[in-house]
Amino acid sequence: MAKPEVTGPEATVPDAPDLGPQVSSKVELTPEERAEKEDRKACKIEICDIIATREPLGPDIACDIKKTWRAGDLTKMLGDQIGWPWGNAVCQSALKLERAALADAMRAPNATIRMEKQTVSCALQREGGEPYVVEVELSPDVTFENGKAVSATVHWGDVSAPLMIYPILYAGTGLDNQSNVLGPEVVKMVNYFTTKSCAEVKGELPGRRVN
């Protein structure tokens, strides 16, 4: 027998508990970050094509790169040993990468890519003032086993920065040169790039091989 329909105050359904705002692990890019990513795409395709074909013959990689590093991501990367007292870092560099070395690293059981010295210029955002503009030199190396990065070192060189923040940067790069704080983070970024990032442009790779 059907239950009689309940009306009036007795029919009120209790409110669901407040579980807080909905969150997602997906990173939403700002318009500036989307523009930077689009500008890097041609270089990304070129590098990913070498990774896919393992073709050593042809021109080396030479790209102008611009990328915004979020303050929260930098804080996580640096961990407890090196603090990050500023906001986002908008960095530019002229990336140079030897094609044959990358192709060999994808083929060989064990190989190390040693990049030539490169200069990175960054605008460090800060609250209530103009960004600090700094330049740092680095000559990173990454060791691969069966096409997967297993170790890395940044090898920081000269630092140029406003006097107020120079000691912080000088001490931070010196500490990383001694203890290789960023090495494991570089390994993660390289492996992410060679897999997930390259998968994003898989359908656009020219698949160029030199006979």
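Atom-to-atom distance recorded for Asn177:CG and Leu138:CG is 10.0 Å, nearest 0.5 angstrom. With rounding to the nearest 0.5 Å, the separation of CD1 in Ile51 from OG in Ser197 is 9.5 Å. Distance check: Asn180 CG to Leu175 CG gives 10.5 Å after rounding to the nearest 0.5 Å. Rounding to the nearest 0.5 Å places NE2 of His155 at 13.5 Å from OG1 of Thr173. The CG atom of Leu182 sits 11.0 Å away from the NZ atom of Lys188 when rounded to the nearest 0.5 Å. To the nearest 0.5 Å, the span separating NZ on Lys202 from SG on Cys48 amounts to 12.0 Å.
Linking ILVMFWY residues whenever their side-chain heavy atoms come closer than 4.5 Å, directly or via other members, places Trp84 and Tyr166 in the same cluster. Clustering ILVMFWY residues whenever any of their side-chain heavy atoms sit less than 4.5 angstrom apart, transitively, puts Val190 in a cluster other than the one holding Tyr192. Under the 4.5 Å side-chain heavy-atom criterion for ILVMFWY residues, no single connected hydrophobic cluster contains both Leu205 and Leu102. Residues Val187 and Met189 do not share a hydrophobic cluster, clusters being chains of Ile/Leu/Val/Met/Phe/Trp/Tyr side chains in contact below 4.5 Å.
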Original post:
Under the side-chain contact (heavy atoms from CB on, under 4.5 Å) criterion, do Glu36 and Thr68 qualify, and how do the steps go?
Top reply: CA-CA 8 Å; Glu36 291 171 2; Thr68 294; 2.7 Å; yes
**OP:** Could you go through the side-chain contact (heavy atoms from CB on, under 4.5 Å) check for Leu95 and Cys43 one step at a time?
**Re:** CA-CA 9 Å; Leu95 174 66; Cys43 186; 4.3 Å; yes
Original post:
Step by step, would you call Met106 with Phe144 a side-chain contact (heavy atoms from CB on, under 4.5 Å)?
Top reply: CA-CA 8 Å; Met106 295 298 104; Phe144 294 81; 3.6 Å; yes
**OP:** Mind running side-chain contact (heavy atoms from CB on, under 4.5 Å) on Ile65 and Val120 for me, showing each step along the way?
**Re:** CA-CA 9 Å; Ile65 299 294; Val120 179; over 6 Å; no
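Side-chain contact check for Ser121 versus Val133: some heavy-atom pair is nearer than 4.5 Å. Residues Thr112 and Arg114 form a side-chain contact, since some pair of their non-hydrogen atoms from C-beta on lies under 4.5 Å apart. With contacts defined as side-chain heavy-atom distances shorter than 4.5 Å, the pair Asp60/Lys96 does not qualify. You'll find the side chain of Gln125 reaches within 4.5 Å of the side chain of Val90, heavy atoms only. Between Leu74 and Trp86 there is no side-chain heavy-atom pair separated by less than 4.5 Å. Counting heavy atoms from C-beta outward, Leu97 and Met115 have side chains that approach closer than 4.5 Å. Counting heavy atoms from C-beta on, the side chains of Val201 and Glu204 come closer than 4.5 Å. Using a 4.5 Å heavy-atom threshold, the side chains of Leu29 and Lys37 count as touching.
Between the side chain of Arg40 and the backbone N or O of Lys66 there is at least one donor-acceptor pair closer than 3.5 Å. Remark: the backbone N or O of Lys117 is not paired with any side-chain donor or acceptor of Glu137 at under 3.5 angstrom. Side chain of Asn88 to main chain of Ala71: a donor-acceptor pair is present (N/O by atom type, distance under 3.5 Å, no hydrogens or angles). Between the side chain of Thr53 and the backbone N or O of Glu55 there is at least one donor-acceptor pair closer than 3.5 Å. When atom types are taken as modelled, the side chain of Arg99 and the backbone of Pro59 share a donor-acceptor pair closer than 3.5 angstrom.
Within 6.0 Å of NZ in Lys44 there are more than 12 heavy atoms belonging to other residues, nucleotides or ligands. A 6.0 Å sphere centred on CZ of Phe193 holds more than 12 heavy atoms belonging to other residues, nucleotides or ligands.
When every heavy atom of Ile50 is checked against every heavy atom of Ala103, the shortest pair comes out as CG2-N, 4.0 Å. Minimum heavy-atom separation, Ala149 to Val142: CB-CG1, 3.8 Å. Nearest approach of Leu78 to Gly83, heavy atoms of both residues: CD1-O, 4.1 Å. Cys63 and Ile61 get closest at one heavy-atom pair: SG-CG2, 3.7 Å. Here the closest heavy-atom approach between residue Pro162 and residue Val134 is recorded as CD-CG1, 4.1 Å.
Ion pairing of Glu46 with Lys41 is absent here, as no side-chain N (NZ or NE/NH1/NH2) approaches a carboxylate O to less than 4.0 Å. In this structure, Lys148 does not pair ionically with Glu145, as no charged nitrogen and carboxylate oxygen lie closer than 4.0 Å. Salt bridge absent: Glu33 and Lys67 never bring a charged side-chain N and a carboxylate O closer than 4.0 Å.
No side-chain N or O of Ser139 forms a donor-acceptor pair with one of Glu116 less than 3.5 Å apart. For the residue pair Trp156/Asp176, the side-chain donor-acceptor check at 3.5 Å is satisfied.
Applying the side chain to side chain contact (heavy atoms under 4.5 Å, CB included) test between Val186 and each of Val154, Asn191, Asp141 identifies Val154 as the sole match.
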